[in-house]
Amino acid sequence: MDLRFRNDGFLFVVMLMMLGLNGMCIDEDVVGAPMAKTEQEALYIAVQGFVGKWWNGSDLYPDPCGWTPIQGVSCDVIDGLWYVTDLSIGQVHDNSLPCAQNLEFKPDLFQLQHLKSLSFFNCIISLPQGPITFQKAQWDALSNTLESMEFRGNPGLRGEIPTTLGNLKKLESLVLIGNGLSGGLPESIGELTQLKRLVLSGNSFSGKIPDGYGNLSELLIMDLSRNSLSGSLPLTFGGLTSILKFDFSKNKLEGEIPYQISNLKNLTLFDLSNNNISGELNFANQEMSSLQELILASNSITGDLKNVNWKNLQELMVLDLSDMKLTGGIPESFSTMKNLRFLGLNDNNLSGNLSPKLAELKNLTALYVNGNNLAGDLKFPVEFYRKMGRRFGAWNNSKLCFPVGRIAAGVRPFGVKVCQ
C-alpha cells in the first residue's frame with residue numbers, strides 16, 4: 001500500500017474525530033447520545049431527594065452521562081439515548097455526593113425506565129425527623145428492569161422488608177446488610193426465581209425462615225447471619241443444588257440440621273455457629289465433597305466425631321466444632337484433610353489421645369482442643385510447637401501432659417502440665 005495514501009487516510013480519520021468532538025462540546029443538539037429530557041429530570045429530582053436541593057447538576061454538560069457524569073451514576077445507550085442503569089448513593093468514593101439528613105425516596109426514582117442496579121452505602125444513618133422506611137416506595141415500577149438492590153450500613157433504615165420486593169422478577173441480587181430493618185422475612189422473596197445472592201445479615205429480623213426460600217433454585221449465596229431468626233432450617237433447603245454458601249450464624253435457630261443439607265454437592269461454606277441447634281453430628285456424607293468451611297461452634301450438637309466419614313471432606317480448610325457437646329475421641333482421619341488450616345474442637349467432652357499425625361498437616365495454622373477430657377502425653381515434634389505458638393490450645397485437659405525432656409522451655413504448649 002502507498003505510504004502517502006495511508007497517511008492521508010489517517011489524517012482524514014483524525015479530522016472526522018475532531019469534528020465529532022467539537023460538535024459534542026459546542027452544540028448539545030448534535031451530541032451522539034443525548035439523554036431524554038424526562039429521564040434527566042427524573043434523575044435530578046431523585047438525586048436531590050437523597051443529597052439535598054442544593055444540588056441541581058448545573059456543572060454537568062451536556063448531560064449526567066456525558067463527559068462529566070454524576071459520581072455513582074452509570075448509563076447505557078438505548079435506542080440512541082442515554083438511560084440510567086446504575087445508581088449508587090452514599091460514601092462509596094471520596095468524591096461521592098454526601099447524603100442529606102432529610103433524604104426521601106422521590107417518586108421520580110421509579111420513573112427511571114432502565115434502572116438495573118440501585119445501591120445505598122452508609123447513607124441513611126440517624127435522621128432528625130425519625131427513621132426512614134422504604135415500604136411505601138413504588139418498587140413495582142422497577143419490576144421489569146431491576147436486577148440488583150443493595151442497602152449496606154444504613155442503621156436509619158427501619159421497618160420491614162416490603163412484600164412488593166417479591167414483584168421484582170428480574171432481581172438477581174438482594175443485599176440488605178447492617179441496616180435497622182426488623183420484622184419477619186417476607187415469603188414473597190421466595191418468588192424471586194432468578195435470585196443468585198440473598199444477603200440479609202446484620203439486621204433485627206425475627207421469626208422463621210420461610211419454606212419458600214427453598215424454591216430459589218438459582219441461588220448461590222444465602223447469608224441471614226446476625227439477626228434474631230428462630231425455628232428450624234427448612235427441609236426444602238435440600239433442593240438448593242446450586243448453593244455455594246450458607247451463613248446462618250448468630251441467630252436463635254433450633255432443631256436438628258436437616259439431613260437433606262448433605263445433598264448439596266456444591267456447598268463450600270456452611271456456618272451455623274452461635275445458635276440453638278441440637279441433634280447429632282451425622283449429616284455430612286460423600287455429596288459434600290466441595291465443603292471448605294464447616295462452622296457449627298456454640299450449639300448443642302452432640303455425637304461422636306468418629307461417626308462422621310471425614311475422608312469425604314478432603315477440601316475442608318476451616319472446621320470449627322468448638323463449644324458443643326461432642327463426645328468420643330478425635331479421629332486420626334483428620335490428618336488426611338491436607339487443606340485444613342483451622343481446627344477448633346475446644347470446649348467439648350472429647351476424650352482419648354491426640355494423634356501426632358495432625359502435625360503432618362502442612363497448612364494447619366491453628367489447632368484448639370482446650371477444655372476437653374483428653375489424656376496421655378503429647379507427641380508432636382518440636383517444630384510443630386514452634387510453628388503454632390499460642391495458636392495451639394491444649395490447656396484445661398487435666399489428664400494431658402507433655403514430656404519436658406523433648407521440648408525446650410520457650411516452645412512448650414501453654415497450660416499443659418509436665419508428664420511425671
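Here the structure is a predicted model, which is why all the values come from computation and not from measurement.
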Just by distance, do the side chain of [X] and the backbone of [Y] share a donor-acceptor pair under 3.5 Å?
| X | Y | value |
| --- | --- | --- |
| Lys417 | Ser398 | yes |
| Asn154 | Arg152 | yes |
| Asp86 | Ser74 | no |
| Asn348 | Asn346 | yes |
| Glu315 | Asn339 | no |
| Asn203 | Phe205 | no |
| Asp211 | Thr236 | no |
| Lys169 | Gly166 | yes |
| Thr164 | Asp140 | no |
| Asn227 | Leu200 | yes |

Counting C-beta onward and ignoring hydrogens, is there a side-chain heavy-atom pair between [X] and [Y] closer than 4.5 Å?
| X | Y | answer |
| --- | --- | --- |
| Trp82 | Val77 | yes |
| Arg197 | Val175 | yes |
| Leu115 | Phe110 | no |
| Leu112 | Glu39 | yes |
| Asn363 | Leu340 | no |
| Phe334 | Leu361 | no |

**Message:** Before we go on, tell me: are the rings of Tyr385 and Phe402 under 6.0 Å apart, centre to centre?
**Reply:**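 When the ring centroids of Tyr385 and Phe402 are compared, they turn out to be at least 6.0 Å apart.
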**Message:** Using the ring centroid of each side chain, check whether Phe121 and Phe151 are separated by less than 6.0 Å.
**Reply:**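 Centroid distance Phe121-Phe151: not below 6.0 Å, so no.
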Taking all non-hydrogen atoms of both residues, which atom of [X] and which atom of [Y] are closest, and how far apart?
| X | Y | value |
| --- | --- | --- |
| Arg226 | Ile177 | NH2-CG2, 4.1 Å |
| Pro234 | Pro210 | CG-O, 4.0 Å |
| Tyr213 | Leu185 | OH-CB, 3.3 Å |
| Ile89 | Cys99 | CG2-SG, 3.8 Å |
| Asn349 | Asn372 | N-OD1, 3.4 Å |
| Ser249 | Asp247 | OG-OD1, 2.8 Å |

**Request:** State, without any angle test, whether Thr336 and Gln314 hold a side-chain donor-acceptor pair at a distance under 3.5 Å.
**Result:**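 The criterion, which ignores hydrogens and geometry beyond distance, is satisfied for Gln314 and Thr336.
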**Prompt:** Do you see a donor-acceptor pair shorter than 3.5 Å between the side chains of Ser290 and Asn266?
**Reply:**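 Side chains of Ser290 and Asn266: no pair found under 3.5 Å.
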**Request:** In sequence, state the C-alpha distance, the side-chain angles, and the governing distance for Glu254 and Lys252, and then conclude on salt bridge (Lys or Arg N to Asp or Glu O under 4.0 Å).
**Result:** CA-CA 6 Å; Glu254 55 191 16; Lys252 299 177 181 179; over 6 Å; no
**Item:** Ring geometry between Phe248 and Phe270 (parallel below 30°, tilted from 30 to 60°, perpendicular above 60°)
**Value:**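 Rings of Phe270 and Phe248: perpendicular, as their planes differ by over 60°.
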Nearest 0.5 Å, please: how far is [atom2] in [Y] from [atom1] in [X]?
| X | Y | atom1 | atom2 | value |
| --- | --- | --- | --- | --- |
| Ser355 | Ile330 | OG | CD1 | 9.5 Å |
| Phe384 | Leu364 | CZ | CG | 6.0 Å |
| Ser262 | Asn312 | OG | CG | 10.5 Å |
| Asn274 | Leu296 | CG | CG | 11.0 Å |
| Ile189 | Asn215 | CD1 | CG | 13.0 Å |
| Asp377 | Cys401 | CG | SG | 5.0 Å |

**Message:** I'd like to know whether Met149 forms a side chain to side chain contact (heavy atoms under 4.5 Å, CB included) with Leu165, so could you lay out the CA-CA distance, the side-chain angles of the two residues, the decisive distance to 0.1 Å, and finally the verdict.
**Reply:** CA-CA 10 Å; Met149 175 186 289; Leu165 293 190; 3.8 Å; yes
Please check if the number of heavy atoms outside [X] that lie under 6.0 Å from its [atom1] is greater than 12.
| X | atom1 | answer |
| --- | --- | --- |
| Lys338 | NZ | yes |
| Lys399 | NZ | no |
| Lys325 | NZ | no |
| Arg341 | CZ | no |
| Lys387 | NZ | yes |

**Item:** Those residues that, when tested against Asn370, pass side-chain hydrogen bond (donor to acceptor under 3.5 Å, both in side chains) (two or more places apart)
**Value:**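 Applying side-chain hydrogen bond (donor to acceptor under 3.5 Å, both in side chains) to Asn370 gives none.
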**Item:** Set of side-chain hydrogen bond (donor to acceptor under 3.5 Å, both in side chains) partners for Glu332, sequence neighbours left out
**Value:**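 Per chain and number, Glu332 pairs via side-chain hydrogen bond (donor to acceptor under 3.5 Å, both in side chains) with Lys357.
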**Request:** Give the C-alpha distance, both sets of side-chain angles, the deciding distance and a yes or no for side chain to side chain contact (heavy atoms under 4.5 Å, CB included) between Leu157 and Phe120.
**Result:** CA-CA 10 Å; Leu157 183 66; Phe120 287 79; over 6 Å; no
**Prompt:** Where do Leu142 and Lys170 land on the side chain to side chain contact (heavy atoms under 4.5 Å, CB included) test, with the steps shown first?
**Reply:** CA-CA 9 Å; Leu142 303 176; Lys170 290 194 173 183; over 6 Å; no
**Message:** So if I apply the side-chain contact (heavy atoms from CB on, under 4.5 Å) rule between Lys245 and each of Asp271, Val199, Thr268, which one comes out positive?
**Reply:** Thr268
**Check against ring-ring contact (aromatic ring centres under 6.0 Å, His included), Phe105 and Phe50** = CA-CA 7 Å; Phe105 291 91; Phe50 301 131; 5.6 Å; yes
**Asked** Between Ser298 and Asp323, is a side chain to side chain donor-acceptor pair (under 3.5 Å) present by the stated rule, with each step listed?
**Response** CA-CA 5 Å; Ser298 300; Asp323 190 22; 3.0 Å; yes
**Prompt:** So Leu358 and Phe380, side chain to side chain contact (heavy atoms under 4.5 Å, CB included) or not? Walk me through it.
**Reply:** CA-CA 8 Å; Leu358 291 174; Phe380 293 116; 4.1 Å; yes
